[in-house]
Amino acid sequence: MSRLDFPGLDAALSRLRETRGRAFWRSLDELVDRPDFRATIEARFPNLVRSTADWRRRDILKCLGGAIALAGLDGCERRPDERALPYVVEPEGTVIGLPRAYATAVTMEGIAQPVIGQTREGRPVKLEGNPRHPASGGATDAFTQAALLDLYDPDRSAAPRHLQAMTSWGDFDRMFAAEAARLDQSGGAGFRLLTGPLTSPTALRQIEVMRRRWPHARWHSFSATEGRWPEAAAASFGRQLDRRLQLERAHVIVSLDDDLLGPGPLQTFHAQGWMQRRIAYQSGNGDALLLVAEPTPTLTGVTATDRLPAAVSKLPALLIGIAQALGVDGLRPQPLNAREKSWVEAAASSLNQHRGRGLLTVGLHAAPALQQFALALNQRLGNLGGRLNS
C-alpha cells in the first residue's frame with residue numbers, strides 16, 4: 001500500500017503525537033497507590049480505613065458498587081403515591097385477598113372473544129379463555145391476553161384534549177352542546193363519525209338515533225383485518241356477509257396467501273376448529289390436509305402439509321391452474337414451473353377427492369375478482385353454506 005501524501009499530513013501527525021489525553025487507571029492496584037484516591041476513601045469511608053491498613057480489591061469494589069447503586073436510586077423517577085385502598089363499603093360476601101372470576105367478553109374488530117376475567121377487590125388482574133364456550137374451548141390469543149393492559153396504561157390521557165392542549169370534561173360538554181345546536185340547524189351536514197366494526201346493540205342503537213336526528217351526517221367504519229372481502233361478498237351474493245370458516249369440518253384446505261391461523265379476531269376460533277379436525281384425523285376420521293401458497297412465511301404456512309413459496313403476482317396463475325385441473329373450461333393457461341405445477345395438481349386432486357368437505361380460500365387483502373373466483377370454485381365443489389359433511 002502506498003504512503004498517504006497530502007499537504008499538512010506530517011504536521012497533523014506531529015500534533016497528534018504531542019497531544020496527551022486524560023490519564024486512566026488500568027487496575028485497582030494503580031488506583032490504590034494514588035494519594036488523591038486514598039484521601040477520598042478516607043474522607044468517605046473512614047471505617048474501611050480504620051479496619052485494615054492493607055486495602056483489598058474486594059473492599060474497594062464493594063464501595064464502588066454501593067456508590068453506583070445509590071446514584072441509580074437517586075436518579076429513579078418519582079411517581080405519585082398510588083395506594084390501593086380497601087373498600088369504603090365492602091360488598092356483601094367479599095373476602096379480602098380471595099380472587100373472583102366473571103364470564104365476560106373482549107371485542108376485537110367487532111368480534112367478541114369469550115373470556116374469564118379474574119379480579120381482586122374489584123380490580124381486573126387476569127384474562128383467560130372460557131372453557132365452557134364452544135367457540136374457543138378455553139383458549140385465547142396474544143391480543144386478548146394483552147387487552148387487560150388497556151386498563152392500566154400509565155401514558156393514557158387522564159383528561160380530554162383539544163388541539164394538543166389539556167382541557168376538562170366541563171369544557172367538552174359546553175363545546176359539544178354548542179356544536180350539537182349548530183348540527184341541529186344543518187341536519188348534521190359536515191359531521192363525520194369514524195368507528196371500527198361494531199356489534200354492540202347499544203352502540204348501534206345510539207348511532208341509529210343520531211342518524212335520525214342528523215340525516216346529513218355520515219358514518220364510516222374501518223377494519224384493519226377484513227381487507228377487500230366486503231367488496232367480494234357484495235359482488236358474489238348481492239349483499240355484504242361475514243366469512244365464517246368451519247375448519248373443523250374441512251378435510252382439506254387450500255390457502256392462497258390466507259393466514260387462517262395467524263393474527264386476527266378469528267385466530268382463536270380457527271385454531272380451535274383446525275385442532276378438532278386434526279384430532280379427528282389422528283383418530284382415523286378422514287384427512288387433515290393443509291396446502292399453502294404464500295409469499296412470506298406465516299403461522300398457517302408453518303403448519304402446512306405442503307407449503308409453496310409464491311409471489312403475490314403468481315396467485316392468479318395458481319388459482320387458474322387449480323380451476324383448469326378441476327375441469328373449468330374457457331380459461332387461458334398460465335405459465336407455471338415444475339414445482340408450481342406439482343403443487344397445483346396436488347391441491348386440485350385433494351379438493352376433488354373431498355368434494356363438500358374441503359375449502360379453497362384466498363387472502364382477504366387480494367383483489368375482489370380473485371376472491372370471487374375462489375367462491376365460485378367452492379360453490380362448484382359444494383363447499384359453501386351448510387352442505388359441508390363432517
Any donor-acceptor pair under 3.5 Å linking the side-chain atoms of [Y] with those of [X]?
| X | Y | result |
| --- | --- | --- |
| S349 | N352 | no |
| Q145 | K126 | yes |
| H365 | D257 | yes |

Derivation of the side-chain contact (heavy atoms from CB on, under 4.5 Å) call for L193 and H220: CA-CA 6 Å; L193 176 64; H220 307 278; over 6 Å; no

Mutual orientation of the aromatic rings belonging to F172 and F176 [parallel < 30°, tilted 30-60°, perpendicular > 60°]: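 If you compare the ring of F172 with that of F176, the planes turn out parallel.
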
For residues [X] and [Y], report the shortest heavy-atom separation together with the two atoms involved.
| X | Y | result |
| --- | --- | --- |
| T167 | A159 | O-CB, 3.6 Å |
| V292 | G301 | CG1-CA, 4.1 Å |
| A366 | Q371 | O-NE2, 3.0 Å |
| G264 | F143 | N-CE1, 4.3 Å |
| W229 | L241 | NE1-O, 2.7 Å |
| P215 | R218 | O-NH1, 3.6 Å |

What distance do [X] atom [atom1] and [Y] atom [atom2] have between them, rounded to the nearest 0.5 Å?
| X | Y | atom1 | atom2 | value |
| --- | --- | --- | --- | --- |
| R357 | R277 | CZ | CZ | 8.5 Å |
| M108 | T268 | CE | OG1 | 9.0 Å |
| L351 | L377 | CG | CG | 8.5 Å |
| F373 | L360 | CZ | CG | 9.0 Å |
| L256 | K314 | CG | NZ | 13.0 Å |
| Q276 | L247 | CD | CG | 10.0 Å |

May I ask you to test the [X]-[Y] pair for a side-chain heavy-atom distance under 4.5 Å?
| X | Y | result |
| --- | --- | --- |
| R123 | T119 | no |
| I322 | W343 | yes |
| L194 | W219 | no |
| T199 | I111 | no |
| L127 | T140 | no |
| Q267 | L261 | no |
| L290 | T300 | yes |
| P99 | R120 | yes |

Within a 6.0 Å radius of atom [atom1] on [X], are there more than 12 heavy atoms belonging to other residues, nucleotides or ligands?
| X | atom1 | result |
| --- | --- | --- |
| Y281 | OH | no |
| R239 | CZ | no |
| D171 | CG | yes |

With a 4.5 Å cut-off on side-chain heavy-atom distances among I, L, V, M, F, W and Y, is there a chain of contacts connecting [X] to [Y]?
| X | Y | result |
| --- | --- | --- |
| L384 | L364 | yes |
| I320 | L326 | yes |
| L359 | L291 | no |
| L260 | L375 | no |
| L183 | I207 | yes |

Under 3.5 Å, is there a donor-acceptor pair between the side chain of [X] and the main chain of [Y]?
| X | Y | result |
| --- | --- | --- |
| Q324 | V328 | no |
| R161 | Q164 | yes |
| S223 | T225 | yes |
| E340 | N337 | yes |
| S350 | A346 | yes |

Candidates V209, L204, T202 - the one meeting side-chain contact (heavy atoms from CB on, under 4.5 Å) with Q206: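 That would be T202; it is the only one of V209, L204, T202 passing the side-chain contact (heavy atoms from CB on, under 4.5 Å) with Q206.
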
With T305, the side-chain contact (heavy atoms from CB on, under 4.5 Å) member among L289, I253, D287: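 Going through L289, I253, D287 one by one, the side-chain contact (heavy atoms from CB on, under 4.5 Å) with T305 is satisfied by L289 alone.
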
Salt-bridge criterion met for R339 and D306 (N-O under 4.0 Å):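 Salt bridge present between R339 and D306.
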
NZ/NE/NH1/NH2 to OD/OE distance under 4.0 Å, R243 and D258: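 Salt bridge present between R243 and D258.
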
Residue pair E208, R205: steps toward the salt bridge (charged side-chain N to carboxylate O under 4.0 Å, His left out) verdict: CA-CA 5 Å; E208 184 59 29; R205 183 175 65 252; over 6 Å; no

Pair Y102-I116, side-chain contact (heavy atoms from CB on, under 4.5 Å): steps then yes or no: CA-CA 6 Å; Y102 297 89; I116 298 293; over 6 Å; no

From CA spacing to verdict: side-chain contact (heavy atoms from CB on, under 4.5 Å), D259, L299: CA-CA 7 Å; D259 190 12; L299 291 176; 4.1 Å; yes

CA sep, side-chain torsions, deciding dist, call: R249, Q246, side-chain hydrogen bond (donor to acceptor under 3.5 Å, both in side chains): CA-CA 6 Å; R249 304 171 68 180; Q246 299 175 333; 3.1 Å; yes

side-chain contact (heavy atoms from CB on, under 4.5 Å) assessment of F269 paired with Q113: CA-CA 9 Å; F269 307 137; Q113 314 290 325; 3.9 Å; yes

